Chemist: 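The following block contains the structure, expressed as structure tokens.
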Number of protein chains: 2
Amino acid sequence: MSPESAVENEPDGLPSMRRSNRLRLLQAVRRSGPISRAGLAKATRLSPPTVSSLVEDLLHEVGLMSEVGIGESSGGRPPVLLQFNREFGYLVGVDVGSRTLRVALTDLQGQVLARQQVPTDPAGGEILVDQMCTIAGELFTATGRDRGKLYAVGVGAPGMTDVKSGRVIRAVNLPGWVDLPLRDLLEARLGAPVRVDNDANMAALGERWRGSARQVKDFVFLALGAGVGAGVVVGGQLHRGHHWYAGEISHMNLDVREWRSDFGGRGYLESHVGAVAIAEGERARSIVGPAGAGQERGAAVATIIAAARSGDARALAVLDELAVYLGTAVANLVAVLDPALIVFGGGVSHAGDLLIERVRRVVSRIVPNLPRFEISTLGDDAQLLGAVSSAMDIAESRLATWLGAASFPRRAVGRTGTR
Amino acid sequence: MSPESAVENEPDGLPSMRRSNRLRLLQAVRRSGPISRAGLAKATRLSPPTVSSLVEDLLHEVGLMSEVGIGESSGGRPPVLLQFNREFGYLVGVDVGSRTLRVALTDLQGQVLARQQVPTDPAGGEILVDQMCTIAGELFTATGRDRGKLYAVGVGAPGMTDVKSGRVIRAVNLPGWVDLPLRDLLEARLGAPVRVDNDANMAALGERWRGSARQVKDFVFLALGAGVGAGVVVGGQLHRGHHWYAGEISHMNLDVREWRSDFGGRGYLESHVGAVAIAEGERARSIVGPAGAGQERGAAVATIIAAARSGDARALAVLDELAVYLGTAVANLVAVLDPALIVFGGGVSHAGDLLIERVRRVVSRIVPNLPRFEISTLGDDAQLLGAVSSAMDIAESRLATWLGAASFPRRAVGRTGTR
DNA sequence: CTGACTTCGTTCAATCAATTAACAAAGTGA
DNA sequence: TCACTTTGTTAATTGATTGAACGAAGTCAG
């Protein structure tokens with residue numbers, strides 16, 4: 001009964017018109033929640049008998065729909081409500097943070113059934129792969145679901161990833177991850193298609209799905225954590241770039257006079273906006289104490305933000321300084337992309353309006369086309385939910401190809417000659 | 001027999017499967033040049049009788065195909081070759097330069113039938129609209145084509161345009177164009193759908209179609225003329241941005257220390273890379289003579305480039321300076337988008353390798369993900385051909401909706417009740 | 001130059017899915 | 001209780017695609 005086997009069972013022979021209409025019905029059901037056959041007929045502009053017949057397939061032969069009960073009558077025979085069978089399969093989303101590993105088990109609609117988080121094993125490498133698989137297994141057991149029905153997996157990893165080959169090229173703070181074929185390892189162990197992407201991209205997907213960026217076609221998610229990264233969404237689609245480097249804005253140079261000093265010099269965004277840079281600035285030290293005392297830069301940043309919130313002039317000055325660099329970088333990004341929205345995430349984003357106002361002031365002096373600015377509404381869950389969202393994307397296309405999105409009547413392969 | 005009337009004549013009653021397959025055939029014919037019915041059957045995976053029947057429609061009823069002759073036998077009955085009827089309708093592309101107005105008349109495949117160029121009337125405004133329409137009319141007459149068969153028009157205008165409403169918000173060097181509803185004016189006079197877009201975007205489309213960017217999904221066209229503009233192509237599609245400001249990189253700030261000085265200060269790209277800025281730099285003056293002597297900045301730039309090509313140290317120094325700013329801007333753009341290719345166009349691009357090498361050197365010090373760099377292969381024709389290309393896009397979708405790309409069986413509207 | 005073989009395209013009957021029309025089912029409301 | 005609505009199914013019709021057979025128009029070998 002696993003989806004895998006169902007794929008095999010489905011005869012390829014069905015002419016495509018029917019398959020395509022089946023898919024249309026399924027999508028209508030997913031969009032329009034519980035809905036009657038009559039409602040589906042209106043929504044898809046198919047005739048009632050056709051809908052009945054296709055629903056029959058979807059209900060009993062395929063198993064992707066279920067009858068969910070009787071609806072209110074509106075003056076006639078009450079409708080039989082149909083629903084997408086969300087438990088036809090399950091999704092797993094994984095967020096590999098440099099400190100925390102989060103795993104969620106959801107149904108096909110992305111509804112979270114269970115989740116768990118543990119400290120990331122700093123050794124990285126295959127140990128982490130073990131950790132993920134174990135936790136995923138535990139979540140299946142805990143919720144009493146069949147792990148054979150795992151349908152797709154999304155993984156957000158810190159650092160640089162090659163989405164096509166599913167490799168992690170290098171991971172921030174996880175020395176054990178260098179050119180790790182994460183996707184292949186996971187697919188082998190979990191028996192389901194896996195997509196690996198970097199954390200900023202995943203966070204962007206999360207915000208697009210259930211965060212600040214719903215309905216927004218063009219936006220950028222700014223991950224302001226240990227480093228600075230961006231997830232770029234253009235035309236509703238994540239844009240990853242030719243070398244998977246899109247959004248690596250930490251390399252931006254904001255001082256032509258310093259461009260000769262190679263990566264990481266004073267002219268570069270990274271030197272002014274990363275948590276490291278913030279925590280180790282002069283003013284910052286005067287707030288959080290001498291360098292080296294605070295092992296955790298994230299904590300130092302949090303302290304500075306707290307001070308700023310309570311009106312500490314030195315802390316506000318740190319934000320001012322930060323905003324000049326960040327704002328200029330954002331302005332340059334806006335000059336290139338003209339997005340409708342920029343979402344701030346990561347530790348620095350907890351400064352909230354203190355940050356947004358300062359950045360907006362800078363940006364508005366540089367470019368005329370101001371985007372909307374918002375703080376991530378998902379916070380630390382953005383990456384995890386983004387991973388789930390990307391698993392949903394895989395599931396979507398798997399369902400589509402399976403049910404026959406494939407255009408049109410395909411003749412039986414290997415057509416025999418005339419003789 | 002104009003396409004317009006044909007659209008009306010086509011009964012909407014054809015069930016969609018047939019319409020959709022007709023479209024598939026048409027596209028296969030356009031892709032695969034002259035091809036037999038048997039070839040089409042293989043290419044589209046439709047059965048021979050179906051192909052015959054649909055081709056019959058397309059040939060005689062619709063008129064979008066024509067038989068073009070008999071092909072070589074490959075050991076059996078020789079094939080009857082079919083072709084897309086490129087003269088089913090015509091396209092017009094217009095490039096409104098600040099100095100030259102170019103107009104081309106092409107067939108539906110974008111093959112240029114005739115073209116003409118005249119000096120742009122600096123008065124701008126509706127006078128220019130007249131000019132365009134007149135020239136277009138002349139081209140129809142000169143080639144003996146029926147102007148009633150005009151199928152789509154693309155117009156590239158300098159400056160800022162709102163593609164959705166078809167308005168020119170403001171045009172560089174054309175004071176008469178301020179918030180001009182160019183699309184509506186032209187559609188009223190020409191009787192065909194019109195798309196208006198800015199010159200950098202059109203040039204990008206041109207390079208995508210028949211220039212350096214063929215087959216490239218993610219690239220940026222840099223228009224280095226009087227100002228600096230970019231046409232941004234992401235995922236094969238032009239990206240225009242939320243306020244139609246995408247690619248307005250002249251606003252980029254490359255010197256945080258100068259960000260307070262508002263638009264146009266020393267920190268901004270525009271102040272260093274535009275033809276004005278180049279021609280009026282100190283070193284530049286020492287080559288081309290005192291300021292004000294050369295009315296034409298474009299000519300001054302050309303002089304400098306010529307000098308550089310012949311090894312003039314001062315001219316090369318101008319390029320060096322330019323490359324630092326341009327390279328930094330490009331690097332920032334690359335940090336955001338990671339394109340596969342950057343195409344240089346406009347007057348400054350005539351510096352060729354002298355420019356590319358210098359820019360590449362700067363970019364390679366700032367970001368690790370170097371794109372390919374190329375000089376526009378279309379030169380001054382990029383915008384014009386881009387305008388044609390965008391007209392083709394319109395034509396494509398017009399044909400598609402007309403032939404019924406619209407997904408699936410649509411019930412007769414206003415379905416009468418059960419009674 | 002004839003006959004076997006290919007390839008191209010069409011004719012014809014069969015198939016399959018969607019539609020219309022009619023009807024059964026299951027309610028509301030006067 | 002009866003007229004009316006809305007939902008869903010059954011039955012007959014329509015329309016498009018297909019497979020098989022066949023005619024058309026060539027090549028190629030002996």
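Note that the structure is predicted; figures quoted are calculated from it, not measured. Residue numbers start from 1 in every chain, and the chains themselves are labelled A, B, ... in the order their sequence lines are given, proteins ahead of strands.
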Chemist: Contact between B:W402 and B:V62 at the side-chain level, heavy atoms closer than 4.5 Å - yes or no?
Modeler: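 Sidechains of B:V62 and B:W402: in contact.
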
Chemist: Name the closest nucleotide to the B:K42 side chain, picking from C:dA17, D:dG8, C:dC8.
Modeler: C:dC8

Chemist: Please lay out, stage by stage, how A:D393 and A:R208 fare under the test salt bridge (Lys or Arg N to Asp or Glu O under 4.0 Å).
Modeler: CA-CA 13 Å; A:D393 286 348; A:R208 182 187 69 170; 3.6 Å; yes

Chemist: Taking 4.0 angstrom as the limit, do B:R145 and B:E87 come out as a salt bridge?
Modeler: yes

Chemist: Base, sugar-phosphate alone, or nothing: which one does A:T50 contact when heavy atoms must sit under 4.0 Å apart?
Modeler: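 Base contact - A:T50 has a heavy atom under 4.0 Å of at least one base atom.
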
Chemist: With a 4.5 Å cut-off on side-chain heavy atoms, are A:P48 and A:R37 touching?
Modeler: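 Side chain of A:R37 against side chain of A:P48, heavy atoms only: no contact under 4.5 Å found.
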
Chemist: Under 4.0 Å between any heavy atoms, over every strand shown, what does A:P49 touch: base, sugar-phosphate, or nothing? Just pick one.
Modeler: base

Chemist: Give the rounded distance in Å between these two atoms: CD of A:E56 and P of C:dA17.
Modeler: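 My rounded result for the distance is 15 Å.
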
Chemist: Does C:dG9 have its OP1 or OP2 closer than 4.0 Å to a side-chain nitrogen or oxygen of B:S36?
Modeler: yes

Chemist: Starting from C1' on D:dG8, measure out to CG on A:L46 and report it in whole angstrom.
Modeler: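 In whole Å, D:dG8 C1' lies 15 Å from A:L46 CG.
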
Chemist: Just so I know, are the side chains of A:L82 and A:V68 near enough to count as touching, which here means a heavy-atom distance under 4.5 Å?
Modeler: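 The answer is no; the side chains never approach within 4.5 Å.
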
Chemist: Quick one: A:L54 CG to D:dG8 P, roughly how many Å, whole number?
Modeler: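 To the nearest whole Å, that distance equals 15 Å.
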
Chemist: Tabulate protein N/O versus nucleotide N/O from nucleotides 27-30 of chain C, keeping only pairs under 3.5 Å, one per line.
Modeler:
| residue | atom | partner | partner atom | Å |
| --- | --- | --- | --- | --- |
| C:dG27 | N2 | A:G75 | O | 3.1 |

Chemist: Would you please confirm or rule out a distance under 4.0 Å between OP1 or OP2 of C:dA18 and any side-chain N or O of A:R18?
Modeler: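 Checking A:R18 against C:dA18: at least one side-chain N or O falls below 4.0 Å of OP1 or OP2.
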
Chemist: CG of B:L40 versus P of D:dT17: gap in Å, rounded?
Modeler: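 In whole Å, D:dT17 P lies 14 Å from B:L40 CG.
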
Chemist: On the nucleotide D:dT17, are OP1 or OP2 found under 4.0 Å from the side-chain N or O atoms that B:N21 carries?
Modeler: yes

Chemist: Measure from the side chain of B:A38, starting at C-beta and using heavy atoms only, and say which of C:dC8, D:dG8, C:dT19 lies closest.
Modeler: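 The answer is C:dC8.
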
Chemist: I need the CG-P distance between B:D57 and D:dG15, as an integer number of Å.
Modeler: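 Taking atom P of D:dG15 as the reference, CG of B:D57 is at 14 Å.
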
Chemist: Would you verify whether the NZ or CZ of B:R30 falls within 45 degrees of the ring axis of B:F84 while also being under 6.0 Å from that six-membered ring's centre?
Modeler: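 Yes, B:R30 lies over the aromatic ring of B:F84.
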
Chemist: Rounded to the nearest Å, what distance is computed from the CD atom of residue B:E72 to the C1' atom of nucleotide C:dC8?
Modeler: 15 Å

Chemist: Once you measure the plane-to-plane angle for A:F140 and A:Y90, does it fall in the parallel (<30°), tilted (30-60°) or perpendicular (>60°) bin?
Modeler: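 Because their plane-to-plane angle is over 60°, the rings of A:F140 and A:Y90 count as perpendicular.
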
Chemist: Using whole Å, report how far CZ of B:R22 lies from C1' of D:dG15.
Modeler: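 Rounding to the nearest Å, CZ of B:R22 and C1' of D:dG15 are 14 Å apart.
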
Chemist: Reckon A:V80 touches a base, only the sugar-phosphate, or nothing at all at heavy-atom distances under 4.0 Å?
Modeler: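 Counting heavy atoms under 4.0 Å across all strands, the contact made by A:V80 is with sugar-phosphate only.
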
Chemist: Roughly how many Å is it from CZ in A:R37 to C1' in D:dT9, rounded to a whole number?
Modeler: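 It is 10 Å, rounded to the nearest whole Å.
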
